[in-house]
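To keep things clear, I will list the structure first and then write my remarks on it.
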Amino acid sequence: YQWRKNLIDIDSANKRNYKVDSPGSYKLMVKSVFGCLDSSQSFLLSAFPKANITEQPKDQTVNLGDHTSFSVATANLNISFQWQLLVGNIYANLTNAGPYSGAKSYKLTVTNVLKSMDGNAYRCLLTTTEGCLTYSDSALLKIKKVGISSLFGSDDLLIYPNPAID
């Protein structure tokens, strides 16, 4: 057995099976013990690039009731997008319902952020026209904590007169 790539023998590829590692035109040459030579038909292996993410989504920190968005950028053309939400330990596809819009675009918008969304993790699944999948990094939705210390920059709050009365 002798495997060839683009009509050139591949070193050390002399077994019945060969693991292809790059695109090209492949053919298997077979020589019998009697010296007869035969070959397989050539086959072309194409490799399709996965999406190249040029900008990952970033964590967002907002107030309750605010609107925010997560976005991802890619250098590839003809990419489909699907935003996902981490539920337990599994990412679930989002739809354009409730607080979400842009679930199948490069930019996911979250409107009227609820307290229950604090800590939500979002990521985007990018799919090329050839079906190659790439996942973005996860980004967190955080809700700003509002309280006395965040308003005054201190955990100490003094009320005068003390004791206060009506």
Side-chain angles (χ1 to χ4, degrees), residues 3 5-6 10 12-13 17-26 43-166:
W3 283 92
K5 177 182 174 187
N6 302 327
I10 303 170
S12 303
N17 296 317
Y18 176 70
K19 183 178 179 182
V20 175
D21 60 0
S22 63
S25 178
Y26 290 87
F43 63 93
L44 181 63
L45 174 69
S46 299
F48 300 106
K50 64 181 190 170
N52 177 25
I53 296 176
T54 56
E55 187 175 332
Q56 296 285 350
K58 294 175 179 52
D59 293 348
Q60 300 295 320
T61 303
V62 298
N63 292 313
L64 282 175
D66 279 357
H67 308 310
T68 191
S69 62
F70 298 91
S71 62
V72 64
T74 178
N76 302 71
L77 300 176
N78 301 318
I79 295 288
S80 64
F81 301 89
Q82 175 61 64
W83 284 94
Q84 300 178 322
L85 169 65
L86 184 62
V87 180
N89 60 353
I90 297 172
Y91 277 93
N93 289 345
L94 290 172
T95 60
N96 292 325
Y100 302 112
S101 61
K104 291 185 177 250
S105 78
Y106 74 96
K107 182 178 179 182
L108 174 69
T109 300
V110 184
T111 57
N112 196 21
V113 172
L114 303 171
K115 184 175 182 177
S116 61
M117 297 174 168
D118 190 27
N120 279 0
Y122 300 91
R123 74 175 183 187
C124 190
L125 168 61
L126 291 77
T127 307
T128 64
T129 53
E130 297 82 18
C132 297
L133 308 177
T134 303
Y135 293 95
S136 73
D137 293 344
S138 292
L140 293 177
L141 176 59
K142 302 173 192 172
I143 297 175
K144 291 179 186 174
K145 308 298 185 228
V146 178
I148 298 298
S149 63
S150 64
L151 294 175
F152 298 103
S154 169
D155 289 334
D156 297 326
L157 175 65
L158 303 174
I159 299 176
Y160 290 96
N162 191 359
I165 57 171
D166 260 345

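By convention here, the first residue in the shown sequence is residue 1.
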For [Y], does its backbone N or O pair with a side-chain atom of [X] as donor and acceptor, under 3.5 Å?
{"X": "H67", "Y": "V113", "value": "no"}
{"X": "Q60", "Y": "K58", "value": "yes"}
{"X": "D59", "Y": "A139", "value": "no"}
{"X": "N120", "Y": "L141", "value": "no"}
{"X": "T74", "Y": "N52", "value": "yes"}
{"X": "T127", "Y": "S80", "value": "no"}

Are any non-hydrogen side-chain atoms of [X] and [Y] less than 4.5 angstrom apart?
{"X": "D118", "Y": "K145", "answer": "yes"}
{"X": "L125", "Y": "F81", "answer": "no"}
{"X": "N112", "Y": "P99", "answer": "no"}

Ring geometry between Y18 and Y26 (parallel below 30°, tilted from 30 to 60°, perpendicular above 60°):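 The arrangement is tilted - the two ring planes meet at 30° to 60°.
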Aromatic plane relationship, F70 with W83 - under 30° parallel, 30 to 60° tilted, over 60° perpendicular: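 Taking F70 first and then W83, their aromatic rings sit tilted (interplane angle of 30° to 60°).
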Considering non-hydrogen atoms only, spot the tightest contact between [X] and [Y] and give its length.
{"X": "V72", "Y": "C124", "value": "CG1-SG, 3.9 Å"}
{"X": "T95", "Y": "Y100", "value": "O-CB, 3.6 Å"}
{"X": "L64", "Y": "K115", "value": "CD2-N, 3.3 Å"}

Within 6.0 angstrom of K107 NZ, more than 12 heavy atoms from elsewhere: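 Not buried by this count: 12 neighbours or fewer within 6.0 Å.
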Pairs where residues 131-144 contributes a residue and the test side chain to side chain donor-acceptor pair (under 3.5 Å) is met, not counting sequence neighbours: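 Output for this query lists Y91-S138.
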